[in-house]
Peer 1: 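Here you go, one structure.
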Amino acid sequence: MTDLDQRFNPETDPVCGMAVDPAEARADGRSATYEAREHVFCSRGCLLEFADGPERFFAPDYVPHMH
């Protein structure tokens, strides 16, 4: 494992599907908890969209998309 691998463990933004550095997102206030799980976001726009109705992003037919 490289130093980069240890520092950057990406998670997926549930809104757009982008890989996100969780530490960076937390530091920037781009995280939210839903059903006892933390989710991180690539941007404030995705965070706000998630906050408006998080359940839709976990529907079986939802496909993450870029804005």
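Computed from heavy atoms alone, side chains included, the values below leave out hydrogens, waters and symmetry copies.
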Peer 1: Parallel, tilted or perpendicular for Phe50 and Tyr34, by the 30°/60° rule?
Peer 2: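 It falls in the perpendicular class, over 60°.
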Peer 1: Do any pairs count as a salt bridge (charged side-chain N to carboxylate O under 4.0 Å, His left out) and have a residue in residues 32-43, sequence neighbours left out, and if so which ones?
Peer 2: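 Pairs touching residues 32-43 that pass the test: Arg26-Glu38.
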Peer 1: Just jot down the side chain to side chain contact (heavy atoms under 4.5 Å, CB included) partners of Thr12, sequence neighbours excluded, or say none.
Peer 2: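 None.
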Peer 1: Quick one: list whatever passes side chain to side chain contact (heavy atoms under 4.5 Å, CB included) with Arg56, sequence neighbours left out.
Peer 2: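 Scan of Arg56 (side chain to side chain contact (heavy atoms under 4.5 Å, CB included), adjacent residues dropped) gives Glu49.
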Peer 1: Working note: Val15 + His39, criterion side-chain contact (heavy atoms from CB on, under 4.5 Å); need CA distance, chi angles, decisive distance, verdict.
Peer 2: CA-CA 10 Å; Val15 175; His39 301 278; over 6 Å; no
Peer 1: Closest heavy-atom contact between Ala25 and Phe41?
Peer 2: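 Where Ala25 meets Phe41 most closely, the heavy atoms are CB-O, 4.0 Å.
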Peer 1: Do the side chain of Ser43 and the main chain of Cys46 share a donor and acceptor less than 3.5 angstrom apart?
Peer 2: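 Indeed, once roles are kept as given, a pair shorter than 3.5 Å links the two residues.
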Peer 1: Are Asp13 and Arg30 within salt-bridge range, i.e. N to O under 4.0 Å?
Peer 2: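 No, no charged N to carboxylate O under 4.0 Å.
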Peer 1: Can you sort out the partners of Tyr62 under side chain to side chain donor-acceptor pair (under 3.5 Å), two or more places apart, ordered by chain and number?
Peer 2: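 Applying side chain to side chain donor-acceptor pair (under 3.5 Å) to Tyr62 gives His65.
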Peer 1: Taking the side chain as every heavy atom from C-beta outward, state whether Cys42 and Cys16 have any atom pair closer than 4.5 Å.
Peer 2: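 Yes; the side chains approach each other to less than 4.5 Å.
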Peer 1: To check you understand the geometry: which heavy-atom pair defines the closest contact between Ser31 and Leu47, and what is its length?
Peer 2: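 Heavy-atom minimum between the residues: O-CD1, 4.0 Å.
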